[in-house]
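Structure first, commentary second.
Residue numbers begin at 1 in each chain, while the letters A, B, ... track the order of the sequences.
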2 protein chains.
Amino acid sequence: MLGLLSFPGERTGYDLKKWADASLRFFYWSPAISQIYAELRRLEGLGYASSRRSEPDEPRAKRRYAITAAGRAALARWADTSEPGPPVLKHPLVLRIWLGHLAEPERLATRVREHMERTRAELKEIRDALARADAHDATGGGTGDGTGATGGGTGATGEGWRHPRIALRWSERHQLAELELAEAMLADLAEPHPPGARAPTEGDRADTGADTPADTAPTDG
Amino acid sequence: MLGLLSFPGERTGYDLKKWADASLRFFYWSPAISQIYAELRRLEGLGYASSRRSEPDEPRAKRRYAITAAGRAALARWADTSEPGPPVLKHPLVLRIWLGHLAEPERLATRVREHMERTRAELKEIRDALARADAHDATGGGTGDGTGATGGGTGATGEGWRHPRIALRWSERHQLAELELAEAMLADLAEPHPPGARAPTEGDRADTGADTPADTAPTDG
DNA sequence: GTGTACATGTAATCCGTTACATGATTCC
DNA sequence: GGAATCATGTAACGGATTACATGTACAC
């Protein structure tokens with residue numbers, strides 16, 4: 001949350017939700033809206049965020065949040081003290097494959113194909129977001145996120161949005177990789193029964209291993 | 001848990017933990033040991049698993065669990081009724097990149113490199129597991145998992161372990177992809193400042209997009 | 001005889017979700 | 001006038017973790 005607020009501008013909980021869904025979601029998180037409101041209140045309690053009610057002449061009553069100096073300090077401390085942990089992945093499709101003995105081969109393959117469909121849809125969303133971001137700063141765009149929300153108007157164009165864009169590009173490539181992985185798995189599944197045959201899977205399995213060639217395999221003797 | 005038990009053989013909670021850490025971990029889950037014990041008791045309560053105390057002549061007192069017919073039925077129902085949801089990813093490194101404006105460029109790059117190191121280590125573990133699985137069924141291996149645990153000795157060789165191996169192969173490729181993604185990100189980070197320059201990033205960004213070829217180039221103008 | 005692996009649990013807590021509740025505004 | 005979107009919350013619950021507690025067996 002603090003990270004979202006660290007970009008220039010003030011935002012409502014609702015804004016943050018939409019923004020998170022269009023960016024953080026692809027590589028980290030898509031918080032429930034209820035959690036956002038709760039967290040914003042908590043952050044304000046800690047002195048890391050400040051909020052302001054909307055002017056009475058505004059059409060809608062809302063509460064806009066911004067990060068405070070203390071919040072910025074805490075965030076900066078976090079950002080360069082704590083190590084980024086390993087990525088956490090929960091992949092229900094691969095789990096199903098792992099449990100493949102429970103299903104008919106046909107259904108398994110169908111599942112993989114469905115997954116690929118979903119992945120393509122996701123990829124499209126990411127590309128849309130990327131396009132939006134580009135258009136946004138080509139026109140010299142407005143607010144403070146890439147979504148096109150309404151709000152303050154600090155007008156920090158181009159620069160500052162560099163890193164979010166890099167992350168989004170990572171997400172794009174990630175989805176592409178996901179498609180390739182699914183395809184490879186489909187091929188593995190299609191392979192004839194295992195009796196003896198240790199199919200070489202083409203010219204696959206190259207290097208990219210550890211540093212030294214000789215490695216004396218520590219784990220298994 | 002039921003899925004783990006669906007493979008032939010009886011196992012203790014401790015066995016399951018080790019096994020999960022050597023397989024499920026790479027694509028789905030690494031449950032806390034305390035949760036495993038709790039869950040096993042719950043499953044037994046539901047009639048989905050049965051347990052047996054070790055014989056008094058065994059060196060250690062332990063409790064071995066097996067899946068029941070009801071458990072198998074419930075699992076099968078789950079496996080082909082419920083849709084596998086989308087994969088859930090929580091990638092702290094990419095989050096740090098997204099928040100790159102908070103850090104010095106140097107530190108960011110270092111983080112990415114550290115991540116690559118970790119990824120290579122992970123990749124090695126996966127390959128070891130794969131090698132272990134191969135060796136295991138070449139020798140006509142024993143128990144009921146790929147880890148080399150002790151236990152029953154139902155002796156289901158080769159077949160039945162096909163799908164776990166496919167999942168593991170997926171994990172191997174996944175880590176390779178992760179390395180490539182990190183490298184690409186490193187390149188993005190190294191790119192000169194954004195003022196105007198919209199660097200084309202080489203002959204990258206091929207097809208694999210949606211269905212139609214003409215797509216009105218969303219990402220880059 | 002000391003450290004590691006085996007083996008099983010309890011208690012407190014956290015992060016996050018779903019379901020529920022409410023109401024204003026805008027678009028068609 | 002009705003649906004979608006904007007906007008904010010409360011309550012109950014769930015999955016999972018960490019910290020704590022305990023004890024045996026084996027290897028060096």
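Each of Tyr37(A) and Ala32(B) was assigned the nucleotide of DNA chain D with the nearest heavy atom; the assignment lying further toward the 5' end belongs to Tyr37(A). Comparing Ala61(B) and Pro31(A) against DNA chain C, the residue whose closest nucleotide sits nearer the 5' end is Ala61(B).
Listed candidates were dT24(D), dG23(C), dT8(D). Nearest to the side chain of Arg60(B) is dT24(D). The side chain of Tyr14(B) lies closest to dA5(C), out of dT10(D), dA25(D), dA5(C). Closest to the Pro59(B) side chain, of the nucleotides dT8(D), dC26(D), dG23(C), is dC26(D).
In this structure, Ser30(B) reaches the sugar-phosphate backbone alone: every heavy-atom distance under 4.0 Å involves primed, P, OP1 or OP2 atoms, never a base. Within 4.0 Å of Ser34(A), counting heavy atoms only, lies at least one base atom of the nucleic acid. Residue contacts shown for Lys90(B) are limited to sugar-phosphate atoms, with no base heavy atom under 4.0 Å away.
Remark: Arg41(B) is in phosphate contact with dT10(C), judged by side-chain N or O atoms under 4.0 Å from OP1 or OP2. Taking 4.0 angstrom as the limit, Gln35(B) places a side-chain polar atom (N or O) nearer than this to OP1 or OP2 of dT17(D). Dashed line: the shortest gap from a side-chain N or O of Trp29(A) to OP1 or OP2 of dG16(C) is under 4.0 Å.
Scanning both residues, Asp188(B) and Arg169(A), for their nearest heavy atoms gives OD2-NE, 3.1 Å.
In this structure, a donor-acceptor pair under 3.5 Å is absent between the side chains of Glu178(A) and Thr119(A). In this model, no donor atom of one side chain and acceptor atom of the other lie less than 3.5 Å apart for Thr12(B) and Arg64(B).
Between Glu39(B) and Arg42(B) a salt bridge is recorded (basic side-chain N to carboxylate O distance below 4.0 Å).
Taking atom CD1 of residue Ile33(A) and atom P of nucleotide dC6(D), one finds them 11 Å apart after rounding to whole Å. In this structure, Lys17(A) atom NZ and dT8(D) atom P are separated by 14 Å, rounded to whole Å. For Met1(B) and dA16(D), the CE to P distance is 11 Å, given to the nearest whole Å. For the pair Leu40(B) CG and dT8(C) P, the computed distance is 9 Å after rounding to whole Å. For Ile36(B) and dG9(C), the CD1 to C1' distance is 13 Å, given to the nearest whole Å. Straight-line distance from the CD atom of Glu39(A) to the P atom of dG9(D): 14 Å, rounded to whole Å. Whole-Å rounding puts the Arg42(A) CZ to dC14(C) C1' distance at 11 Å. Taking atom NZ of residue Lys18(B) and atom C1' of nucleotide dC6(C), one finds them 8 Å apart after rounding to whole Å.
The aromatic ring centres of Tyr28(A) and Trp98(B) sit 6.0 Å or more apart.
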